[in-house]
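Here is the structure we will look at, set down as structure tokens.
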Amino acid sequence: MNYGTGIRGAALALVTASAATLLMTGCQPGGNATGPAGSSRGRPAGGAGSSSTTPATATAPATTAPATATAPATTAPATTAGCGADGLEASMYQAAVRPQGTGTGAVIVEFTNVSGKPCVVRGRPTVAGAGQGSPQSSRPLQVTPTGSVSAVRLAPGGRAWTKLTFVQVQGEGDGYCVSGTRPVTYPTLVVGLPGSGSHQVALEDGVLAECDDRVTVTAVSPAKPS
């Protein structure tokens with residue numbers, strides 16, 4: 001037997017097989033000479049052909065909201081002072097609506113601001129009958145207040161009013177009072193306005209006649225009563 005020829009044939013076959021194995025290994029997809037088959041070292045996690053950088057999102061340019069216009073600061077006006085006695089002019093006349101009878105019944109007292117600047121009046125007046133027209137001889141009347149009290153701001157020349165309603169005289173001549181007392185007459189009244197002094201007023205057409213020295217008084221108001 002020719003062992004030499006057989007050995008050479010076997011060796012040649014072994015070399016041929018080894019070469020084929022090497023060729024097949026080099027042709028494996030994803031094969032890498034420096035790492036195991038299937039390794040992604042040096043590649044993006046997403047696989048072959050993908051980019052490792054996420055595309056940047058477009059950012060809108062920053063804008064600044066326009067400043068809101070601010071109204072100029074203003075200072076609230078100081079509280080208007082009360083009307084002084086010298087800043088008011090008072091007058092009196094008969095009311096259109098008054099109790100039935102033969103006396104005066106009811107009057108309107110009007111206050112006018114003659115101070116030349118705004119001022120405030122408020123409250124319910126006090127009332128006194130001035131005997132012989134003299135304030136020093138005045139006789140206070142019993143006041144029954146009515147209506148709500150509020151401040152009344154008077155511009156220069158502005159007016160405010162109060163209404164005085166008396167117990168009416170009945171009958172002709174000297175008349176009589178339902179209560180049994182005698183009627184009283186006053187040439188003038190002294191009307192006191194809280195914080196604004198006392199004002200002597202008279203009717204243009206005669207004296208004031210009333211009963212019982214009682215009077216119903218409204219709070220001073222910007223609305224003229226009837």
Side-chain angles (χ1 to χ4, degrees), residues 82-117 119-147 149 152-179 181-226:
C83 299
D86 294 340
L88 289 177
E89 184 177 270
S91 59
M92 180 173 68
Y93 47 89
Q94 275 201 325
V97 178
R98 54 188 187 270
Q100 291 185 344
T102 55
T104 304
V107 297
I108 305 296
V109 179
E110 179 179 286
F111 298 96
T112 303
N113 178 9
V114 295
S115 70
K117 59 184 178 182
C119 63
V120 170
V121 293
R122 73 179 73 212
R124 299 182 183 92
T126 59
V127 181
Q132 303 301 316
S134 173
Q136 289 75 24
S137 303
S138 62
R139 181 175 178 178
L141 274 60
Q142 181 182 338
V143 171
T144 300
T146 184
V149 174
V152 179
R153 186 179 185 274
L154 299 180
R159 294 178 292 175
W161 296 267
T162 183
K163 183 175 182 178
L164 315 181
T165 303
F166 303 95
V167 177
Q168 184 64 290
V169 177
Q170 305 297 320
E172 301 296 332
D174 291 338
Y176 67 94
C177 297
V178 173
S179 64
T181 62
R182 294 174 62 86
V184 179
T185 60
Y186 296 107
T188 63
L189 293 180
V190 177
V191 179
L193 199 57
S196 298
S198 296
H199 306 268
Q200 188 171 8
V201 289
L203 290 172
E204 295 182 354
D205 53 355
V207 297
L208 186 142
E210 56 87 28
C211 287
D212 304 334
D213 283 342
R214 292 189 291 116
V215 60
T216 300
V217 178
T218 65
V220 67
S221 169
K224 183 178 179 180
S226 55

Evaluate the side-chain proximity of [Y] to [X]: yes if any heavy-atom separation is below 4.5 Å, no if none is.
X      : Y      : answer
His199 : Leu88  : yes
Thr165 : Thr218 : no
Leu203 : Met92  : yes
Val217 : Thr144 : no
Pro225 : Trp161 : yes
Leu164 : Leu189 : yes
Thr162 : Phe111 : yes
Glu110 : Thr112 : yes

One should read off an interatomic distance between Glu172 CD and Thr102 OG1, to the nearest 0.5 angstrom, of 6.0 Å
d(Gln170 CD, Cys211 SG) to nearest 0.5 Å is 7.5 Å
Under the 3.5 angstrom rule, does the side chain of [X] hit a backbone N or O of [Y] as a donor-acceptor pair?
X      : Y      : result
Gln168 : Gly103 : yes
Glu210 : Asp213 : yes
Thr104 : Ala209 : yes

*asked:* Can you see whether Gln200 engages Thr188 through a side-chain donor-acceptor pair at a distance of less than 3.5 angstrom?
replied: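 There is such a pair between these side chains.
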Handout entry: Whether over 12 other heavy atoms sit under 6.0 Å from Asp86 CG
Key = no
Reference residue Val215; test side-chain contact (heavy atoms from CB on, under 4.5 Å); the match among Leu141, Thr126, Val107: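 Among Leu141, Thr126, Val107, the one that satisfies the side-chain contact (heavy atoms from CB on, under 4.5 Å) with Val215 is Leu141.
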